[in-house]
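In what follows, chains carry the letters A, B, and so on, assigned in the order in which the sequence lines appear, proteins first and then strands, with residues in each chain numbered from 1. Values below: every heavy atom of this structure, side chains too, minus hydrogens, waters and symmetry copies.
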Amino acid sequence: MPASPLSTSLRTHPCGSLRAEHTGQTVTIGGWVHRARDLGGLVFLDLRDRAGLVQVSFDPKTASAEVCALAASVGAETVVIVEGVVAERPEAMRNADMSTGAVEVRGSSLRVVGPASTPAIPVARGRNEQLAAEELRLRHRHLDLRREDLQRNLVLRHRLMQRTRRFLADAGFLEIETPILTKPTPEGARDYLVPSRVHPGEFYALPQSPQIYKQLLMVSGYDRYFQIARCFRDEDLRADRQPEFTQIDVEASFVQQDDIVDIAEELIRALWVEGESSFPSGRVRRMSYADAMEGYGIDRPDLRYGLMISDVSGVFRGADFVVTRTALDAGGRVRGIRIPGGAALSRKQVDEIEAVAKSAGAMGLLRLKRVNGVLEGPPAKFLGDGAVDALGLAEGELGLYVAAADHVSHAALDKVRQDVAVRMNLVPAGVNEFVWVTDFPMFERDAVSGALTAMHHPFTSPNPDDVSLLDTEPWKARAVAYDLVLNGTELGGGSIRISDPVVQSKIFGLLGIDDETARTRFGFLLEGLRAGAPPHGGIAFGFDRITMLLAGATSLRDVIAFPKTTAARSMFEGAPSPVSADDLRDLHIKLES
RNA sequence: GGGGCCGUAGCUCAACUGGUUAGAGCACUCGACUGUCACUCGAGAGGUUGCGGGUUCGAGCCCCGUCGGCCCCGCCA
């Protein structure tokens with residue numbers, strides 16, 4: 001019976017696994033020299049492996065002079081194998097900060113198996129010592145990945161991945177791989193393209209998602225599919241966006257929205273348990289897209305705090321105030337939020353909030369507050385006596401309003417709401433507010449051309465109640481699409497798909513995709529639908545983002561072993577890079593000089 | 001495509017309004033030290049101030065360009 005699953009022919013135990021119960025055992029351990037303390041005759045090495053740190057002591061009384069001299073000479077990050085006896089430390093010499101702090105290994109032999117040059121960035125840091133610049137951490141990723149934080153994040157990522165597989169497999173889902181070399185799709189994000197050597201002038205694309213493949217698997221009767229799928233999008237990056245990312249991709253047959261929502265909710269619950277974060281008991285609440293936009297100005301509302309948006313157009317209607325009258329006459333509304341205690345905010349603070357609203361596209365913020373029962377603020381003089389109550393302002397409350405078209409006030413009030421929540425300390429710590437946002441519109445209408453584009457994707461099923469709208473006012477039709485949102489972050493989303501080829505053709509038509517184009521781009525899907533498709537639908541979750549949230553990280557780069565920079569470059573191996581003229585010739589590619 | 005911030009020793013940072021030989025801690029090298037755990041103490045070495053140009057008597061500092069990183073907008077069906 002091995003002492004640990006990590007035991008090998010070269011070591012008996014991982015360094016970080018040793019405890020008081022091992023006292024008296026002769027052990028062989030291998031690890032990286034985390035830190036060395038040479039006291040003259042006595043040498044201490046802290047040895048590190050993925051299980052943790054353990055102190056090894058070399059004493060001339062129990063180790064040869066040669067071993068002690070070697071121990072005194074090894075530098076940080078050298079890999080050594082040590083044989084010794086586990087000894088309980090005397091009370092005064094224990095280290096409560098180390099999980100192995102009750103014991104140490106009394107080294108009797110020492111072998112340097114991996115000599116190391118002085119590390120370019122430190123792995124062991126003192127208290128209060130800053131992390132190296134991220135650029136250097138990415139360039140020397142092999143060193144950065146030795147840090148406990150990143151090791152913990154990647155272990156968590158592994159656990160979440162295994163939990164996902166176990167959960168979905170137990171629920172009858174089959175893990176099926178789909179191609180990485182796929183067909184370019186002109187819609188949506190820019191594709192990463194791969195030139196074909198065999199077919200001059202033709203290209204594969206890396207998948208933005210396995211969407212069409214998973215629908216075809218439903219057509220083929222696999223009933224329930226999942227994949228922890230790598231996806232690629234050639235778009236500009238953010239802290240929470242990488243060009244290659246991983247999603248938990250799920251699709252099922254003979255389902256309706258609630259079937260997918262139920263199973264997805266249980267999956268996320270299982271992952272939050274695995275990640276030791278809180279998941280509220282009971283069902284996750286649901287909110288329509290329309291309600292989310294009306295109350296929060298965004299389709300992924302942060303429900304950890306109030307500050308709901310309300311429509312106060314009625315209070316301003318008829319007021320001789322040019323700002324609101326212009327907006328109302330143009331078909332806009334006056335909407336805003338009430339901030340409890342906001343009357344105490346300084347002019348400068350409210351100016352800062354207004355700057356947030358302006359940067360989101362609003363012309364400005366109307367300010368009204370209730371002080372001693374009286375309405376104060378620049379627009380107050382245009383309003384009647386009852387306005388303070390009509391606005392619903394309580395004593396000490398500040399109302400901030402945007403008079404504009406909805407698309408402007410949505411964006412501005414969303415940003416204002418978030419800013420005020422942080423500013424007024426209204427975001428409770430450790431709270432997770434999940435919400436399903438449902439009933440998304442089928443289409444978005446281009447403000448200039450009026451052209452329709454798919455809000456989710458062109459395979460999303462229209463709401464059966466809204467099918468008649470497709471012929472009259474398609475922009476009003478709702479889709480059977482749903483997003484799971486946590487604290488203002490989208491975790492994932494999905495839809496019930498179109499399983500009727502006639503409906504699919506109709507949607508393509510509304511999107512301005514003619515039959516010929518539909519055939520060349522999506523012919524294989526249409527053919528599949530015509531071959532007998534069950535009702536089906538699914539969902540996809542951003543696995544990197546979920547891991548980031550559960551790890552408490554602020555950047556995806558901290559939960560991906562080898563991430564790209566914001567310029568989509570890999571600092572470690574230096575990709576992308578030029579290729580030889582021969583390779584280009586083979587691929588039939590000529591570079592413009 | 002656009003906006004903002006940043007780049008000084010291996011690492012983290014300092015250097016007044018543009019002014020003498022660009023400093024400190026850690027790491028590194030050498031020496032001392034038998035219970036440390038961010039060991040301690042002494043000495044030493046370590047710099048094309050990202051790169052290129054300009055302004056100036058004089059540039060780490062100001063200006064222009066460029067490279068790289070980070071954050072944001074656009075973009076991300």
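Taking the six-membered ring for Trp, A:H142 and A:F572 have ring centres closer than 6.0 Å. In this structure, A:F543 has its ring center no closer than 6.0 Å to that of A:F245.
Ring-plane geometry between A:F459 and A:H457 is classed as tilted, the angle between the planes lying from 30 to 60 degrees on a 0 to 90 degree scale.
Closest to the side chain of A:R238, from the set B:C37, B:G35, B:G74, is B:G74. Nearest to the side-chain atoms of A:N95 among the listed nucleotides B:C37, B:A27, B:C76 stands B:C37. Checking B:G68, B:C75, B:C76 against the side-chain heavy atoms of A:M571 singles out B:G68 as nearest. Comparing B:C70, B:A77, B:U34 by their nearest atom to the side chain of A:S209 picks out B:A77. Which of B:U34, B:G35, B:C37 sits closest to the side chain of A:R89 comes down to B:C37. Side chain of A:R569, nearest nucleotide from B:C33, B:G68, B:C72: B:G68. When distances run from any side-chain atom of A:D59 to the nucleotides B:C37, B:G35, B:G69, the shortest one goes to B:G35. Listed nucleotides B:G69, B:C76, B:C39 differ in distance to A:R35; the shortest reach to its side chain belongs to B:C39. Out of B:C70, B:C75, B:G35, the shortest distance to the side chain of A:E235 is found at B:C75. Closest to the side chain of A:Q211, from the set B:G35, B:A27, B:A77, is B:A77.
Taking atom P in both B:C70 and B:U8, the straight-line distance is 15 Å, to the nearest Å. For B:G54 and B:G10, the P atoms lie 27 Å apart once the distance is rounded to whole Å. Distance check on atom C1': B:G52 versus B:A59 gives 15 Å, rounded to whole Å. Taking the C1' atoms as reference points, B:C71 lies 29 Å from B:G25, given to the whole Å. Rounded to whole Å, the separation between the P atoms of B:A24 and B:G47 comes to 15 Å. Taking the P atom of each, B:C26 and B:A43 are spaced 13 Å apart, rounded to whole Å. B:A15 and B:C6: their P atoms are spaced 13 Å apart (whole Å). The C1' atoms of B:G60 and B:A14 are separated by 12 Å, rounded to the nearest whole Å.
Between A:E235 and A:R190 there is a salt bridge, with a side-chain nitrogen of the basic residue lying less than 4.0 Å from a carboxylate oxygen of the acidic one. Ionic pairing of A:R137 and A:E135 is not present here: no N-O contact between side-chain nitrogen and carboxylate oxygen is shorter than 4.0 angstrom. Taking the charged nitrogens against the carboxylate oxygens, A:K348 and A:D351 have no contact shorter than 4.0 Å, which rules out a salt bridge. Between A:R147 and A:D149, at least one side-chain nitrogen of the basic residue sits less than 4.0 Å from a carboxylate oxygen of the acidic one, meeting the salt-bridge criterion. For the pair A:D59 and A:R106, the salt-bridge criterion is not met [side-chain N within less than 4.0 Å of a carboxylate O]. Under a 4.0 Å N-O distance rule, the pair A:E573/A:R139 does not qualify as a salt bridge.
B:G74 is unpaired under the Watson-Crick or G-U wobble criterion, no partner having all donor-acceptor distances under 3.5 Å. The partner of B:C5 is B:G69, judged by Watson-Crick or G-U wobble contacts that both fall below 3.5 Å. Figure legend. B:C57 is base-paired to B:G19; pairs are counted as Watson-Crick or G-U wobble with both atom distances under 3.5 Å. B:G25 is paired with B:C11 under the criterion used here, namely a Watson-Crick or G-U wobble arrangement in which both key atom distances are under 3.5 Å.
Nearest-nucleotide positions on RNA chain B for A:T554 and A:A454 put A:T554 closer to the 5' end. Comparing A:S555 and A:S73 against RNA chain B, the residue whose closest nucleotide sits nearer the 5' end is A:S73.
Residue A:T118 places none of its side-chain N or O atoms closer than 4.0 Å to OP1 or OP2 of B:C28. For A:R557, a side-chain nitrogen or oxygen approaches OP1 or OP2 of B:C71 to under 4.0 Å. Distances shown here put a side-chain N or O of A:R37 below 4.0 Å from the OP1 or OP2 atom of B:C39.
Summarising the geometry, the separation between CZ on A:R241 and C1' on B:C70 is reported as 15 Å, rounded to the nearest angstrom. In this structure, CG of A:D191 is placed 14 Å from C1' of B:C75, rounded to the nearest angstrom. In this structure, the CD atom of A:Q247 is 16 Å from the P atom of B:C76, given to the nearest Å. Protein atom CD of A:E135 is 18 Å distant from nucleotide atom P of B:C5, rounded to whole Å. Whole-Å rounding puts the A:Q215 CD to B:A77 P distance at 16 Å. When the P atom of B:A38 is taken as reference, atom CG of A:L39 falls 13 Å away, rounded to whole Å. Atom CD of A:Q208 and atom P of B:C76 are 10 Å apart (whole Å). The distance between atom CZ of A:R137 and atom P of B:G7, rounded to the nearest whole Å, is 18 Å.
With hydrogens and angles ignored, a donor-acceptor pair closer than 3.5 Å exists between the side chain of A:E104 and the base of B:G35. For A:R233 and B:C76, a side-chain-to-base donor-acceptor distance below 3.5 Å is absent, hydrogens and geometry of angles not being considered.
Checking each of A:I498, A:L511, A:L470 against A:K506 for a side chain to side chain contact (heavy atoms under 4.5 Å, CB included) leaves exactly one that passes, namely A:L470.
Within 4.0 Å of A:A124, counting heavy atoms only, lies no atom of the nucleic acid at all. Within 4.0 Å of A:T565, counting heavy atoms only, lie sugar-phosphate atoms of the nucleic acid but no base atom. Using a 4.0 Å heavy-atom cutoff across all strands shown, A:D97 reaches no nucleic acid atom at all.
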Heteroatom pairs (N/O) under 3.5 angstrom, protein to nucleotides 9-11 of chain B:
| residue | atom | partner | partner atom | Å |
| --- | --- | --- | --- | --- |
| B:G10 | O2' | A:A120 | O | 2.5 |

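Closest approach of A:F58 and A:L42 over heavy atoms only: O-CD1, 3.4 Å.
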